[in-house]
Protein chains: 2
Amino acid sequence: MKASDKVKHRTDMISSALRSAILERVLMPGMKLPEDSLGERFGVSRTLIRQSLERLAAEGLIELRRNKGAMVAKPSLEEARDLFELRTQIEDLVISRVIKNMTPDIIAELEGHLAKEVEAEHAAEPKSIRLATEFHILLAKLAGSPVLLRYVEEIGYRCGLTLSLYARPHSTDCGIAEHRQIIEALATGDEDAARKLMRHHLNAVADRALFTTDEGGPLVYLDALEPYAKKVRDGGA
Amino acid sequence: MKASDKVKHRTDMISSALRSAILERVLMPGMKLPEDSLGERFGVSRTLIRQSLERLAAEGLIELRRNKGAMVAKPSLEEARDLFELRTQIEDLVISRVIKNMTPDIIAELEGHLAKEVEAEHAAEPKSIRLATEFHILLAKLAGSPVLLRYVEEIGYRCGLTLSLYARPHSTDCGIAEHRQIIEALATGDEDAARKLMRHHLNAVADRALFTTDEGGPLVYLDALEPYAKKVRDGGA
DNA sequence: GTATAGTTGATTGCATACAATTTAGCCACC
DNA sequence: GGTGGCTAAATTGTATGCAATCAACTATAC
């Protein structure tokens with residue numbers, strides 16, 4: 001059975017849960033992540049927690065310091081800028097590829113996603129942030145390159161993390177209009193315009209966000225993790 | 001002591017050893033990597049081997065299949081092309097950044113590396129391959145963005161792996177001349193030329209390499225690993 | 001002779017135990 | 001009052017053991 005290769009390890013579920021928690025700002029940058037507290041909460045031993053932490057560290061979402069444990073990453077402002085710069089460069093390639101694969105179905109899918117974004121425009125913040133990130137990931141999927149998708153995801157997540165550090169609330173608004181413009185350019189088949197718009201969009205997001213720098217203390221409030229942990233304990237995805 | 005944060009875990013050493021072995025074609029794509037054989041050879045328990053394998057899997061150098069263990073990754077030809085395409089796009093950014101930071105020291109450093117490449121031109125293959133890869137990594141270092149460096153390294157390594165699958169021997173020659181041209185363009189401060197040359201260089205590497213596809217059997221010959229393992233056991237870097 | 005089921009051996013998945021290191025508290029001493 | 005070291009608690013690093021899964025082989029039935 002080939003399908004059995006796809007069975008997710010519990011480590012995958014835990015990593016996903018933690019990743020979501022970080023991206024949805026339940027775990028804020030600088031928070032400590034002790035192995036046994038997490039293990040207890042997720043109902044697994046430290047072994048699996050450790051694996052998950054290593055993985056997230058490889059993705060750049062948490063920092064791991066020898067003998068001192070893990071904490072949610074606190075990228076510097078400079079690192080944040082570098083991430084957005086790199087992201088811009090990579091998503092340029094996404095646009096090129098998507099426009100080469102273009103079909104009506106693709107436009108429909110993108111517009112479907114946009115509709116969700118519009119719907120959630122005034123909903124809770126975490127949801128609109130997540131949808132905004134997922135727009136870019138959807139584009140990467142449509143580019144038809146697993147490799148490209150992998151890196152767009154990872155860097156997109158890291159950018160999302162920097163936003164929770166540096167962005168003021170509600171700085172995500174007006175991104176929707178820019179997404180719409182990008183879709184339109186793609187629909188027209190105008191590659192140059194689409195690339196320029198994407199570049200402009202990402203620069204705008206970064207500019208809107210990467211301003212002030214307020215220091216937050218490194219605390220441990222794992223209680224908010226409970227809903228995420230529950231899903232894992234119950235075996236959900 | 002801040003320096004103590006930099007003490008490498010044994011996992012790091014093992015990962016590095018395995019990575020080197022893969023890049024130097026001691027471990028060929030498809031080879032199985034059983035945990036306890038490796039543990040025995042490196043003189044550590046399966047725990048650390050497991051961690052290393054997970055890490056290399058995250059980097060895309062090995063594949064991990066549930067309950068079936070690890071093997072050196074065997075990227076498809078399409079994946080190889082996608083990797084080179086992405087690499088081209090990212091190194092474009094490297095060039096932009098390096099040229100902005102340009103100083104005489106940087107040119108000197110690059111020329112120093114080029115000299116090493118020339119010296120090793122007719123030496124054993126693994127060495128010249130390694131040096132060619134390290135040229136690109138040196139450039140990424142000089143770009144002054146740790147984020148960028150991390151991804152250039154990872155993708156560069158993955159490209160190196162694909163070459164061991166698809167490239168015929170000696171297809172690495174003539175890369176040196178292209179490296180020299182890039183350095184010259186950088187020294188002149190001609191960004192456009194440098195970017196074009198880098199693009200051309202990477203496309204040439206990919207084209208020279210990604211041709212035939214001969215299938216290799218998935219065997220286990222870990223004996224060749226011995227020199228790498230010894231370094232780890234002796235605590236070397 | 002082929003195919004299927006059962007069984008054994010090898011390998012991975014996960015938890016637990018113990019060692020090593022850091023951190024925090026405390027008391028002495030300056 | 002503050003600084004130094006000492007001990008104890010907490011936390012991470014690593015090894016090991018057991019359960020679960022997979023692969024190969026044999027035997028038996030058709």
Side-chain angles (χ1 to χ4, degrees), chain A residues 1-18 30-58 62-72 217-222 229 232-235, chain B residues 1-18 27 30-58 62-72 217-222 225 229 232-235:
Chain A
M1 285 203 184
K2 280 268 174 82
S4 74
D5 289 356
K6 285 205 166 186
V7 172
K8 284 204 169 191
H9 301 210
R10 268 194 285 174
T11 302
D12 293 321
M13 297 196 286
I14 296 168
S15 308
S16 296
L18 289 175
M31 278 178 75
K32 283 202 66 179
L33 301 170
E35 292 175 358
D36 29 9
S37 321
L38 290 174
E40 204 172 331
R41 191 158 292 272
F42 281 96
V44 300
S45 84
R46 281 176 50 218
T47 308
L48 297 193
I49 298 296
R50 237 175 131 61
Q51 278 184 194
S52 301
L53 292 177
E54 295 261 359
R55 189 175 306 182
L56 293 173
I62 74 179
E63 281 167 24
L64 231 43
R65 284 171 316 175
R66 181 179 175 88
N67 285 323
K68 294 213 208 132
M71 67 175 212
V72 180
L219 267 184
V220 192
Y221 280 135
L222 259 36
V232 172
R233 287 199 304 271
D234 298 351
Chain B
M1 286 196 193
K2 281 267 172 86
S4 73
D5 289 357
K6 285 204 165 182
V7 172
K8 286 203 167 193
H9 301 212
R10 270 196 283 175
T11 303
D12 292 322
M13 298 195 287
I14 296 168
S15 308
S16 296
L18 289 174
L27 299 175
M31 277 178 75
K32 283 202 66 179
L33 301 170
E35 293 174 359
D36 29 10
S37 321
L38 290 173
E40 204 173 331
R41 193 161 288 276
F42 282 96
V44 299
S45 82
R46 282 176 49 222
T47 309
L48 298 191
I49 299 296
R50 246 175 120 63
Q51 280 184 189
S52 300
L53 293 177
E54 295 263 359
R55 187 173 309 182
L56 293 173
I62 73 178
E63 281 167 25
L64 230 42
R65 284 170 315 178
R66 183 177 175 88
N67 286 325
K68 290 208 210 144
M71 68 176 209
V72 181
L219 266 183
V220 193
Y221 281 135
L222 260 34
L225 248 188
V232 172
R233 287 198 305 271
D234 299 351

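Scope of the values below: all heavy atoms of this structure, side chains included, with no hydrogens, waters or symmetry mates. In what follows, chains carry the letters A, B, and so on, assigned in the order in which the sequence lines appear, proteins first and then strands, with residues in each chain numbered from 1.
- For A/Asn67, whose side chain is taken as the heavy atoms from C-beta onward, the closest listed nucleotide among D/dC22, D/dT12, D/dT16 is D/dT12.
- If you take CE of A/Met13 and P of C/dC14, they are 9 Å apart, rounded to a whole angstrom.
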Under 3.5 Å, which N/O atoms of the protein pair with N/O atoms of nucleotides 6-8 of chain C?
none

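- With values rounded to the nearest 0.5 angstrom, A/Ile62 atom CD1 is found 12.5 Å from A/Lys32 atom NZ.
- To the nearest 0.5 Å, the span separating CZ on A/Arg41 from CG on A/Asp36 amounts to 12.5 Å.
- Contact check for B/Met71 versus B/Leu33: no side-chain heavy atoms found under the 4.5 Å cut-off.
- Contacts between residues 46-56 of chain B and DNA chain D, defined by a heavy-atom separation below 4.0 Å, involve B/Arg46, B/Thr47, B/Leu48, listed by number.
- Distance, B/Arg10 CZ to C/dA19 P: 15 Å, rounded to whole Å.
- Mapping B/Ala70 and A/Val44 onto DNA chain C by nearest heavy atom places B/Ala70 at the nucleotide closer to the 5' end.
- Between the CZ atom of A/Arg66 and the P atom of D/dG13 there is a distance of 7 Å, rounded to whole Å.
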Legend entry - Stepwise side-chain contact (heavy atoms from CB on, under 4.5 Å) test for A/Glu54 and B/Glu54: CA-CA 9 Å; A/Glu54 295 261 359; B/Glu54 295 263 359; over 6 Å; no

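- Among D/dT12, D/dT21, C/dC14, the nucleotide with an atom closest to any side-chain atom of A/Pro34 is D/dT12.
- Listed by chain and residue number, A/Glu35 satisfy the side chain to side chain donor-acceptor pair (under 3.5 Å) test with A/Arg46 (two or more places apart in sequence, or in another chain).
- Counting to the nearest Å, the P atom of C/dT11 and the CE atom of B/Met71 are 17 Å from each other.
- Nucleotide C/dG13 holds its C1' atom 16 Å from the CZ atom of B/Arg65, rounded to whole Å.
- Using a 4.5 Å heavy-atom threshold, the side chains of B/His9 and B/Gln51 count as separate.
- Listed by chain and residue number, nothing satisfies the side chain to side chain donor-acceptor pair (under 3.5 Å) test with A/Glu63 (two or more places apart in sequence, or in another chain).
- Checked against side-chain contact (heavy atoms from CB on, under 4.5 Å), A/Thr47 has the following partners two or more places apart in sequence or in another chain: A/Ser45.
- Atom C1' of nucleotide D/dC22 and atom NZ of B/Lys68 are separated by 8 Å, given to the nearest angstrom.
- Under the side-chain contact (heavy atoms from CB on, under 4.5 Å) criterion, B/Arg10 pairs with B/Met13, B/Val44, B/Leu48, not counting sequence neighbours.
- Nucleotide D/dA15 holds its P atom 14 Å from the NE2 atom of B/His9, rounded to whole Å.
- Across the protein-nucleic acid pair, A/Leu64 atom CG and D/dG13 atom C1' stand 12 Å apart, rounded to whole Å.
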